[in-house]
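The structure under discussion appears below in the form of structure tokens.
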Amino acid sequence: MPGEDSASIRNLRPCRKEHVGYACDGRSSAHPLFSGMLFPVLALLFWWIGSRLGLWNAFLLPSPEAVIGAAWKLTLNGQLPAGILSSTLRIVAGFGASCALALPLGVLLGLRPAWGRLFYPTLEFLRHVPPLALLPLLILWFGIGEGSKMVVILLATFFPVFLNTLDGVRRCDAGLIEVGRSLNLTGTQRFRRIIFPSALPSILTGLRLGLGYSWRALIGAELIAASSGLGYMIHDAESLSRSDVIVVGILALGLIGGMSDHLFFRLARAAAPWKGASVRRDGWD
Amino acid sequence: MTVGIRLRGVGRTYALPNGSIRAVDGLSLTVDPGAFVTVVGRSGCGKTTLLRLVSGLEEPTEGAVEFLRDGRRVERGDAGVGIVFQEPRLMPWLTVAQNVRFALEGRSDREQIERKTSETLRMLGLERFRDAYPQHLSGGMAQRVALGRTLVFDPEIVLMDEPFGALDYFTRRKLRRDIRALHAQTGKTFVLVTHDVDEALTLGRTVIVLEAGRIADIVPVPFETAVESDDPVFIPLRRRILRAITGEDSFAPDISHYQEAGVNASH
Ligand SMILES: Nc1ncnc2c1ncn2[C@@H]1O[C@H](COP(=O)(O)OP(=O)(O)O)[C@@H](O)[C@H]1O
Ligand SMILES: [Mg+2]
């Protein structure tokens, strides 16, 4: 997986002549979901049999039936849907705000590298501070309400989006831009027709990474201080010693994260069909 | 009407950390409308710089590049100058057809764009590949697409910078013929730059020999039908070009370095 380090601030590369990574890989015929279900099914089986045989204390790991029962109850009383909804809304707001900042800034500094000098020391400093380490301060400033959650998500997702956008724009082949000049395209046209499409796969990779990071950061924040959301539900269950509810929360997180990532992958592939395969570089569509 | 080119004392100096380099050194020359001129010279003699100056990608540090239609000066924009680079430089996210019509997009109506694109694809034998992406093209095909992208907007002047440089012998030979046919068919002004003497001779009706940014010789090639570089008519011309560049006669090779290396030249 190309982390945000695929484009570290210090390691800005000059425009390269060659484009890499446009080769498409052949897809295997069997749907990967089937073979991919092997381990979950085995784990489920092991979990179920182990619980049945009493191999472990049911308090440490409740049985599948207990978890399903808890999930059902939480759905009926509205706690689970409400938690999912409020977490999702925070992601939408926080990630949206992050993109609104990171995309234009990445494009701007990609096009005008000289202006980068103004920002890089600050950004480099911020990049190395884990957002959750800032949470105590953020709570002081913004309270435990929505403000601090948004800022945590923003801090966690800004860099993958910003750096991948920056990298995509900067890596645009200078030769292609010159083709635009030789065809008398204006600066705006060169951006719209050459630089942006060339940077799009990288931008989409950044967005996808950012989306993944936003869930992790948000749940961390909700575990520490919140009054709603999936993280809060887990935290609350912990203080009530409800391990079944904790497991429900974890399962919900994994499923939602996977689903939102998949949804994003679909969107990305529709937006950049010429190299959809490499938008998802870990390749388990 | 076709447009010609006139260079008046055109020079281009690049500033380097330790001094400067005169890539093109006060060139004056006229390319007639509809001519096929090749420029030949060794690497670094200023061929690419010369083409970039004509195409407007680079500004001369002295002198002027002018374009003439019926003896009257016209602006570069009105003349229509297209350039094909050494590398195809295709947009990897666009199909062959989309790459070819890249220059037309937004400049004429859909129907006309579609017509011109199809026409160009047919002319270059690319119809079968119209929906392929550049990554799936061979080098020769990619270079054809690049040529199509330039021809599609009907420039009066077509500049080509070693367009066959990266291609194999057979593809080069085929493309050479195609480009000659294209020139005959369109009647446009072609300027092709190459380091390959045979290529310069088989393509150009006039060969400009460039050495260290200056014109070393201008060699007319008065053979309409000769296309194979091993045609005997080329022998004296090839020798003349070689002499202009290296100052030596090909039949009296400089053997001093063999002797220095201890090889006896009398063998
Ligand atoms: N942008 C540039 N900056 C500095 N020197 C350059 C630049 N472009 C070309 N040169 C120099 O000018 C000379 C001619 O280059 P070029 O026109 O590319 O030669 P050719 O195409 O015949 O190989 C070379 O010595 C090259 O190093
Ligand atoms: Mg060159």
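Throughout, a chain's letter reflects where its sequence line sits, starting with A, and its residues are numbered from 1.
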Evaluate the side-chain proximity of [Y] to [X]: yes if any heavy-atom separation is below 4.5 Å, no if none is.
X        : Y        : result
A:Gln189 : B:Glu105 : no
A:Asn184 : B:Phe153 : no
A:Pro201 : B:Trp93  : no

Pairwise distance [atom1]([X]) to [atom2]([Y]) - rounded to 0.5 angstrom:
X        : Y        : atom1 : atom2 : answer
B:Leu51  : A:Ser182 : CG    : OG    : 12.0 Å
A:Arg193 : B:Leu94  : CZ    : CG    : 8.0 Å
A:Glu178 : B:Leu57  : CD    : CG    : 4.5 Å

Check whether B:Arg76 gets within reach of chain A through its side chain, its backbone, both or neither, counting any heavy atom under 4.5 Å. neither
Examine whether an atom of B:Phe102 lies under 4.5 Å from a heavy atom of chain A, and if so say whether it belongs to the side chain, the backbone or both; otherwise answer neither. both
Which heavy atom of B:Arg107 sits nearest a heavy atom of A:Leu183, and at what distance? NH2-O, 2.8 Å
Hits for salt bridge (charged side-chain N to carboxylate O under 4.0 Å, His left out) against B:Glu162, two or more places apart or cross-chain, chain-then-number order -> B:Lys47
Sequence neighbours excluded, the answer for salt bridge (charged side-chain N to carboxylate O under 4.0 Å, His left out) partners of B:Arg12 is B:Glu58
Any sub-3.5 Å donor-acceptor pair from B:Arg89's side-chain atoms to A:Leu176's backbone N or O? no
